[in-house]
Amino acid sequence: MSTLVLALIAGAAIGMALGALGGGGSVLAVPALIYLMGFSPASATTAALIIVAATSATALYAHARDGNVAWRTGILFALAGIGPAFLAGTAAGRLPPAVLTGAFSVLAALSALRMLRPTGSEPAGRVRPARAAGAGAGLGAVTGFLGLGGGFLAVPALVGVLGLRMKQAVGTSLLVISLNSLAALTARTGADGDLRWEVIAPFAGAAILGAWDGKRLASRITGQALQRVFAFVLLAVAAVMLIDVIV
């Protein structure tokens, strides 16, 4: 199977994940770029930020049309993470590939296990700026360090810490992902010359189209069912990457 076909298939799957769940783009994009497209870990994380930034902005528009974006809350959450994302993105290029891959696999596994945990009723309450800033700063650091948009961590934080409804959390997480990805990408600009645009461009194009399909799919299937399926896929990806580091 050609690299172009693989890029289109992987991009469509990643776009659907972002459109349906408000996260999951980078968690799948990075291993796809490494194992299917032959990118180095450092190049893959940078390319993933490009793809996820474009795709999440598209998915954000789709969710905003339905009124499922808490703009003020999302901006507050994201602004707290821009500084840490920039600093962590600068430091990430100096780390050995095995460290980045190992850290990524551990975080992917933890995110999957969190998604599989049963959740109670959705909380309600006012935004607490201090907690929002702390959660946003932590998410920004992860985004910059590992090349993650952070959706899998943003959605639980927006629900559990800030009290958003699940649909609002999904839409708002796309705002957070867009801003964090752009900040982390800015820190990496000019630091990596191994980006292959002939792969990134069709990958991102397919992901953008997939995001619209994911948005429609989310309206037909329960969020809990989607999360469980995706969590198991994520666990499998984390296992493969961790084994690769160990072996």
Side-chain angles (χ1 to χ4, degrees), residues 1-37 39 44-45 47-66 68-69 104 107-108 111-112 114-116 143 147-156 158-159 166-178 180-181 199-238 240-241:
M1 191 176 294
S2 70
T3 300
L4 176 60
V5 173
L6 288 173
L8 292 173
I9 293 173
I14 287 158
M16 289 187 68
L18 275 168
L21 297 175
S26 299
V27 184
L28 290 182
V30 171
L33 289 165
I34 292 174
Y35 296 108
L36 298 180
M37 315 298 166
F39 279 62
T45 53
L49 286 169
I50 297 170
I51 293 164
V52 170
T55 308
S56 58
T58 302
L60 172 62
Y61 171 75
H63 283 268
R65 288 194 313 171
D66 295 339
N68 289 327
V69 178
F104 190 97
L107 183 61
S111 299
R114 185 183 186 91
M115 292 176 68
L116 288 172
T143 299
L148 292 170
F152 271 122
L153 301 179
V155 171
L158 289 167
V159 172
M166 188 62 193
K167 285 188 176 181
Q168 272 191 317
V170 169
T172 305
S173 76
L174 292 167
L175 172 61
V176 175
I177 291 169
S178 298
N180 278 353
S181 295
V199 174
I200 295 174
F203 200 121
I208 289 171
L209 293 176
W212 288 95
D213 291 332
K215 174 65 171 59
R216 288 193 290 267
L217 180 65
S219 64
R220 300 178 184 177
I221 302 177
T222 65
Q224 185 177 8
L226 283 171
Q227 285 186 0
R228 288 185 66 83
V229 170
F230 203 83
F232 285 120
V233 173
L234 194 56
L235 280 174
V237 170
V240 170
M241 295 186 75

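Just so it is clear, the structure is predicted and the values come from calculations on it, not from any experiment.
When side chains are defined from C-beta on, I177 counts as touching V52, because their heavy atoms get closer than 4.5 Å. You'll find the side chain of I34 reaches within 4.5 Å of the side chain of V30, heavy atoms only.
Between L18 and S56, the shortest heavy-atom contact is CD1-N, 4.3 Å. For the pair I51 and T55, the tightest heavy-atom approach, listed with the atom from each and the gap, is O-OG1, 2.7 Å. Between V199 and A7 the shortest heavy-atom distance is O-CB, 4.1 Å. L158 and A169 get closest at one heavy-atom pair: CD1-O, 3.6 Å.
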Test log, rule side-chain contact (heavy atoms from CB on, under 4.5 Å), inputs L60 and V69: CA-CA 8 Å; L60 172 62; V69 178; 3.7 Å; yes
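Atom OH of Y61 has 12 or fewer neighbouring heavy atoms from other residues, nucleotides or ligands inside a 6.0 Å radius.
Between the CD1 atom of I208 and the CG atom of D213 there is a distance of 13.0 Å, given to the nearest 0.5 Å. Interatomic distance, M37 CE to I200 CD1, rounded to the nearest 0.5 Å: 11.0 Å. With values rounded to the nearest 0.5 angstrom, L174 atom CG is found 10.0 Å from T58 atom OG1.
The side-chain contact (heavy atoms from CB on, under 4.5 Å) with F203 is formed by just one residue from the set L8, I9, I14; it is I14.
The backbone N or O of S178 lies less than 3.5 Å from no partner atom in the side chain of S181, so there is not a single donor-acceptor pair. Using modelled atom types, one side-chain atom of H63 and one backbone atom of G19 make a donor-acceptor pair closer than 3.5 Å.
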